[in-house]
Amino acid sequence: MRDALVIADSSCLILLSKIEELEILRSIYKQVFITKEIAEEFGEPLPNWIEIKETSNTALQLLFEDTLDVGEASALALAFEMRECTVILDDLKARKAASKMNIKVTGTIGVILKAKKENKISTVRNVFDKILSTDFRISDRVINEALKEAGE
């Protein structure tokens with residue numbers, strides 16, 4: 001069953017786009033939201049199924065911007081407003097901020113594992129091989145744990 005709402009940070013969009021796997025997001029989430037700040041960081045035309053939604057709590061966003069980049073800050077501020085959503089964040093500092101505010105969070109690797117569990121992709125290993133051919137920093141330990149979790 002697809003989760004209802006997700007807010008994707010630019011790192012997830014950039015990485016999945018780079019390895020030509022952006023479609024994974026659409027396969028496991030009913031609606032994918034980003035903010036205009038994230039759209040600017042992404043810097044490419046967006047698929048029509050990704051919706052730009054603005055946060056009205058600019059004070060909260062500015063508070064987050066003290067410690068996080070503008071895309072992450074806008075994603076967390078929007079998530080705080082929307083409540084029933086998950087935010088895809090790869091930055092550890094942003095993930096910690098999300099959990100302090102009881103915002104449900106996952107990372108790009110978590111998205112890939114979810115796609116495998118829901119049979120939207122046949123193997124995570126092929127996706128990880130594509131990731132390893134990019135400049136995305138990920139530790140062998142994280143990859144090995146994810147492969148183990150996926151049963152590969």
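Treat the numbers as computed from the prediction; the structure is a model and nothing was measured. Along the sequence shown, the residues carry numbers beginning at 1.
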Between Ile38 and Ala8, the two heavy atoms sitting closest are CD1-O, 3.4 Å
Above 12 or not: heavy atoms from other molecules or residues under 6.0 Å from [atom1] of [X]?
X	atom1	value
Phe128	CZ	yes
Asp140	CG	no
Arg137	CZ	no

Under 3.5 Å, is there a donor on one side chain and an acceptor on the other for Glu81 and Ser56?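 Yes, side-chain donor-acceptor contact under 3.5 Å.
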Has [X] got a side-chain atom pairing as donor or acceptor with [Y]'s backbone, closer than 3.5 angstrom?
X	Y	answer
Glu72	Asp91	no
Glu41	Gly71	yes
Gln31	Val6	no

Any chance you could measure [X], atom [atom1], to [Y], atom [atom2], to the nearest 0.5 Å?
X	Y	atom1	atom2	result
Arg95	Thr106	CZ	OG1	6.0 Å
Ile34	Leu25	CD1	CG	10.5 Å
Thr108	Phe136	OG1	CZ	5.0 Å

Any salt bridge between Glu23 and Arg26, counting N to O under 4.0 Å?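 Judged by the 4.0 Å cut-off on N to carboxylate O distance, Glu23 and Arg26 do form a salt bridge.
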Are Leu62 and Ile103 linked, directly or through intermediate hydrophobic residues, by side-chain heavy-atom contacts shorter than 4.5 Å (ILVMFWY only)?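 No, separate clusters.
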